Novice: 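My questions all concern the structure below.
Proteins come first, then strands; the chains are lettered A, B, ... in the order of their sequence lines, and each starts at number 1. Worth saying up front: this structure is predicted, and the values here are computed from it rather than measured.
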Amino acid sequence: VNFWCTTTKAPWDWSWRAYPGVWLLVVALAVPYIVAIRRRQAQNGTVAGDGKRAVQFLCGVAVLWLSFDWPLGLLGAGYLATAHMLMFMLVTQVAAPLMLLGTPEWMFRRITSRLRITRATRWLAKPVRAGLVFNAILLGTQVPFVVDAMRPIAATSFLLDMVWLVGGFVLWIPLLAPAPELRTASFPGRIVYLFLAAGALPLIPGGFLTFSDIALYRIYELAPRVWSGFDAVSDQQVAGAVMKVGSLPIIWPVILALFLQWASRERGTNERAARPAAPPAPA
Amino acid sequence: MSGQLSRRSVLLGAVAGGALVAAGCTRGDDRAGGRFQGAAIDPPLARPDFTLTTTAGEPYSFAQETAGRLTLFFFGYANCPDICPIHLANITQALEVRADLQPVVTVVMASVDPTRDTPESLRAYLDGFDTTYVGLVGSTDELVVAQRAFGVPTATAPDEEGLVGHATSVFGIGSDDLVHVQFTGLTRQGVYVHDLDELAAS
């Protein structure tokens, strides 16, 4: 039994396989979270929003589980570039932001302090840096040489998935950091950042995958086919399309929400400015 | 599953290794300064001569039917879960990239599973990749002759999981009627694209 999904040359047959490392990760994320929240509530009482945050965090962990475990994890590790890319999207665009949304400010500060990454987090919270680092992670972990080298070994396959998770946190920190001082203040800045970092730059590597006429990833090219007729190049083209447009269902609603919040705030400011000054009180 | 795999891997490895020894092959690639990125056969072998039957029921004398044509030949079977569909998919993709070579290339697969591969099922299987690919069937004895002609060990009967141990290489034959190169089951599309050029120049 492998602890993490890796490349296998076995024909794909939909028979379930156990990956205990994935379960350990899920437990290691969910249990300490629940215990910490309970302890905090025992000390300080229930705080408004605790329940909603817990649901968000645990949904994020559930998405990680779905991404890393059988069948998607195994398909992505050794059979289909499409599954590999879907995993990347789920981890960076769904799991990571949900986990950030679900993390209370006190917990975030405690974690970054204990891991001694407070300064690094502050440095990465700047949109330009976060965008560049996220896209460097995206590119670095999608290069065929890297994927071909890392996926066949459980330890490096695990490392690749963890780098994706870190990349997801980096991408969303400027928008969703539980510590308010880390969030980008300006609404236009947030919108432009999200559009460029998560929507526009991935179009470039996605284009390479979509338009290459031969298979680029060795492991997916030489893997037994999951579905006859869905060959390695078609699979790669779909993977490229997922990289190019897979984030759109996430980022465009977020951009729209940011825009509406911005408009609402501007309207409130204008109304306050237009309101006549209160008449002086009678002497 | 791992038990099945290791059995199959050992079997296929042994067959492939035997094929290399039997054919007296050496691996030649760009790094070694060879023409081919696949395993070059040095000296090249003469185009083998044997007769099987096409999926249309016609006798097919391999040496006569493919004489003077760039040919990719391999032994496989329609229920093969791994190597054969990878070969076919990668050859198909390479020929899409080098569409100019399509008219001069003949792809031939001889079934080593005479009990399950009927002419109709083999035709349907190959049509899933390309309708021009030639599918050959034959009796066990005829297949032994064909495998000996290529210097590869004889395929096994299907095991309890229906897996057939067989030589996994694709043989590349130039228009000079010489077998110049063989491609293992882990041959990438780019290698086929490169070596098709070399075979065309043979």
Novice: Examine whether an atom of B:L186 lies under 4.5 Å from a heavy atom of chain A, and if so say whether it belongs to the side chain, the backbone or both; otherwise answer neither.
Specialist: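 For B:L186, the contact with chain A is made by backbone and side chain together.
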Novice: Looking only at heavy atoms, which two atoms of B:N90 and A:L222 are closest? And how far apart?
Specialist: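 It is ND2-CD2, 3.6 Å.
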Novice: For atom CH2 of A:W65, decide whether the heavy atoms of other residues, nucleotides or ligands shown that lie under 6.0 angstrom number more than 12.
Specialist: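 For A:W65, atom CH2 is not crowded (no more than 12 foreign heavy atoms under 6.0 Å).
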Novice: Which answer fits A:Y217, side chain, backbone, both or neither, if we ask what part of it has an atom under 4.5 Å from a heavy atom of chain B?
Specialist: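 Answer is backbone: N, CA, C or O of A:Y217 sit under 4.5 Å from chain B.
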Novice: Tell me if the CZ atom of B:R148 is crowded by more than 12 foreign heavy atoms within 6.0 Å.
Specialist: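 Not more than 12 within 6.0 Å, no.
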Novice: Look at atom CZ of A:F208 and say whether more than 12 heavy atoms of other residues, nucleotides or ligands are closer to it than 6.0 Å.
Specialist: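 At most 12 heavy atoms, drawn from other residues, nucleotides or ligands, come within 6.0 Å of this atom.
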Novice: Of all heavy-atom pairs between A:I214 and B:G190, which one has the smallest distance, and what is that distance?
Specialist: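 For A:I214 versus B:G190, the nearest heavy atoms are CD1-CA, 4.3 Å.
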Novice: Just do the side chain to side chain contact (heavy atoms under 4.5 Å, CB included) check on B:Q189 and A:D213 with the steps written out, would you?
Specialist: CA-CA 10 Å; B:Q189 293 162 8; A:D213 54 6; over 6 Å; no
Novice: In residues 91-109 of chain B, which residues are in contact with chain A at a heavy-atom separation under 4.5 Å?
Specialist: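 Heavy-atom contacts from residues 91-109 of chain B to chain A are B:Q93, B:V97.
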Novice: Looking at every heavy atom in both B:D82 and A:P11, which two are closest together, and how far apart are they?
Specialist: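 So the minimum-distance heavy-atom pair works out to OD2-CG, 4.2 Å.
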